[in-house]
Amino acid sequence: MKTAKKEFAQRRKSLMAMMEPDSIAIIPSGCEKTRSRDTDFPFRQDNDFYYLSGFDEPEAVIALIPGRKHGEVVFFCREKDKEKEIWDGYRAGPEGACDDYAADDAFPISDIDDILPGLIEGRVRVYYAMGKDSEFDGRVMAWINTIRAKVRSGAIPPGEFLDLDHFLHDMRLFKSDTELRIMAKAAAISAAAHCRAMRVCKPGVYEYQLEAEISHACAMDGGRHAAYNTIVGGGDNACILHYVENSAKLKKGDLVLIDAGCEYQHYASDITRTFPVSGHFNKEQKAIYQIVLDAQEAALTFVKPGNHWNEPHDASVKVIIEGLLALGLLDGDVESVIEDKSYKAFYMHRIGHWLGMDVHDVGDYKVGGEWRVLESGMVMTVEPGIYISPSNKSVDKKWRGIGVRIEDDVAVSDDGYTLLSGDAPKTISEIEALMAS
Ligand code: GLY
Ligand code: MN
Ligand code: MN
């Protein structure tokens, strides 16, 4: 299921076709980050870099130079080094960059300051991710200054600097068939992990133990790293949107909210399920849960090509308001509640976000000041929620501390959407049946 070498090459070609004439694009890899003293965080490649290269090493830079006679795709990467490879693992080296990653030309990264200014010289425009990494900004300027220092000998420095993100992130927003297959796999792994957590959950289990079940299930299936920090919030903790302490003991009668998704082959999944610790929803929990589920269903009917980004959100707001009005948790009518925004005490986030290599993926939500129109190949989450703060004195005590979110990953298809995370049950009866089994 791996992305083929030719797909990476095709992406570079598409990007170069969008670039202005006489330009160069410079894309740096991710770098290793210290966790503490001698230990590093696991290396994670920069997504823009990986999207264009499939190259998973730090200390690398790609230059894309459309029309360059001696090759348009130039890699700079670490040289092969027998001793270092014994300690830290395989390096492709410049030869491997050409043979295995289809670079036209490749050089040791240690030579970049000598070689790259010569490749930039004579180009009118430079594309790079301006302002993303101040150290890299400084290096680009140093390369430009090397050329500027030689103007009296006839060197011509570039005069325009353009942001690469705009083109590149629009490409990343539309997923290819291979990307969709990888994302479906990521979601399937995570959905199975949510099922595992439901099966083992019972009063007395700690939140971190459910986190461990999720991590175990994902890692055993190839999703070794979480796409974001796992949230396991029991009881009141479900009302803290980004709760990641995961340290409390789960109590009988409470709900637990799990927001967890693995990364698989550089693509994220992002799933939330909320279920009763002891396997049965009580009356109030059922009422709130059903509103959230209905809101999600309503939102999903608006996920189709031609609708705009905000339509699923608006649909979820309407259903949540209607439900909370019917329960007496809000006053007024749908219009007045939308107007006075009182629903935001219970539903304070939006319906979702783009999903891809990043969990909150790249891509504009508005184009020309208008909400973006959904198109086939976009992938997004649909994740309404209701959170009744334990300190909300304006509602009866029986409602306080109920937090519910239901989150799925969906790909916009030609005539609607494909649900990627459907293997994790979400109706009340499905959840109770799984937990009883
Ligand atoms: N797990 C992050 C989010 O749902 O956006
Ligand atoms: Mn999400
Ligand atoms: Mn989530």
Side-chain angles (χ1 to χ4, degrees), residues 44 47 172-173 175 183-184 186-198 207-208 210-211 213-215 217-218 223 225-234 237-246 255-264 266-275 289 292-293 295-297 299-300 302-303 309-310 312-313 315-317 320 344 346-363 365 372 374 378-387 403-412 417-426:
R44 174 63 167 77
N47 282 330
R172 279 179 53 190
L173 178 58
K175 275 66 181 177
M183 292 189 73
I189 293 171
S190 301
H194 278 265
C195 294
R196 181 182 170 107
M198 286 182 200
E207 292 166 341
Y208 59 78
L210 292 190
E211 179 183 358
E213 296 289 348
I214 294 267
S215 309
C218 289
H225 298 289
Y228 53 92
N229 292 333
T230 297
I231 295 168
V232 182
N237 295 336
C239 297
I240 303 168
L241 298 181
H242 289 161
Y243 175 81
V244 289
E245 282 84 355
N246 301 352
L255 294 177
V256 55
L257 180 156
I258 301 185
D259 185 343
C262 72
E263 202 169 79
Y264 181 73
H266 296 261
Y267 287 81
S269 54
D270 182 7
I271 303 177
T272 306
R273 289 293 183 264
T274 309
F275 52 93
Y289 189 92
V292 178
L293 190 58
Q296 201 207 31
E297 275 307 317
L300 285 168
F302 284 88
V303 178
W309 166 257
N310 209 41
H313 179 71
S316 72
V317 168
I320 284 176
K344 290 198 174 180
F346 303 99
Y347 179 26
M348 58 294 277
H349 58 75
R350 296 190 52 80
I351 192 68
H353 46 84
W354 304 131
L355 182 71
M357 300 183 86
D358 282 290
V359 63
H360 292 174
D361 206 27
V362 295
Y365 291 92
R372 183 153 203 158
L374 299 176
M378 294 172 166
V379 181
M380 59 190 280
T381 65
V382 179
E383 48 175 309
I386 295 177
Y387 315 88
V404 175
R405 178 164 64 255
I406 305 170
E407 174 173 29
D408 279 300
D409 303 342
V410 302
V412 183
Y417 66 88
T418 306
L419 185 61
L420 305 180
S421 48
D423 294 347
K426 60 181 173 183

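Read the numbers this way: they start at 1 and go in the same order the structure lists the ligands and their atoms.
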- [ ] Measure across Ala187 and Asp409 and return the closest heavy-atom pair with its distance rounded to 0.1 Å.
- [x] CB-OD2, 4.2 Å
Open item on the list: Under 2.8 Å from the Mn ion (ligand 2) - does any N, O or S atom of His353 fall there?
Closed with: yes
Open item on the list: Suppose we call two aromatic rings close when their centres sit under 6.0 Å apart. Are His313 and Tyr347 close by that rule?
Closed with: yes
Open item on the list: Can you give me the closest heavy-atom contact between Met380 and Pro312, atom names plus distance?
Closed with: CE-CG, 4.4 Å
TODO: Kindly give the heavy-atom pair with the smallest separation between Ile271 and Ser190, and that separation in Å.
DONE: CD1-CB, 3.7 Å
TODO: Output yes if Asp259 passes the N/O/S-under-2.8 Å test against the Mn ion (ligand 2); output no otherwise.
DONE: no
Open item on the list: Please list, in number order, the atoms of ligand 1 under 4.0 Å from a heavy atom of Glu407.
Closed with: 4 (O)
Open item on the list: Given Leu355, Thr272, Asp270, identify the one with the heavy atom nearest to atom 2 (C) of ligand 1.
Closed with: Asp270
Open item on the list: Restricting to N, O or S atoms, which atom of Asp270 is closest to the Mn ion (ligand 3)?
Closed with: OD1
Task: Which residue and heavy atom of the protein sit nearest atom 5 (O) of ligand 1, plus the separation - done: His360 NE2, 2.7 Å
Open item on the list: Testing the 3.5 Å rule here: is there a donor-acceptor pair between the side chains of Tyr387 and His349?
Closed with: yes
- [ ] Decide whether the shortest distance between a heavy atom of Val359 and an atom of ligand 1 is less than 4.0 Å.
- [x] no
Open item on the list: Under 2.8 Å from the Mn ion (ligand 3), is there any N, O or S atom belonging to Glu383?
Closed with: no
Task: For the student: nearest non-hydrogen atoms of Asn246 and Thr230, plus distance - done: ND2-O, 2.9 Å
Task: Inter-residue atom distance Asn310.CG - Arg372.CZ, 0.5 Å rounding - done: 14.5 Å
Task: Glu407 atom (N/O/S) at minimal separation from the Mn ion (ligand 2) - done: OE2
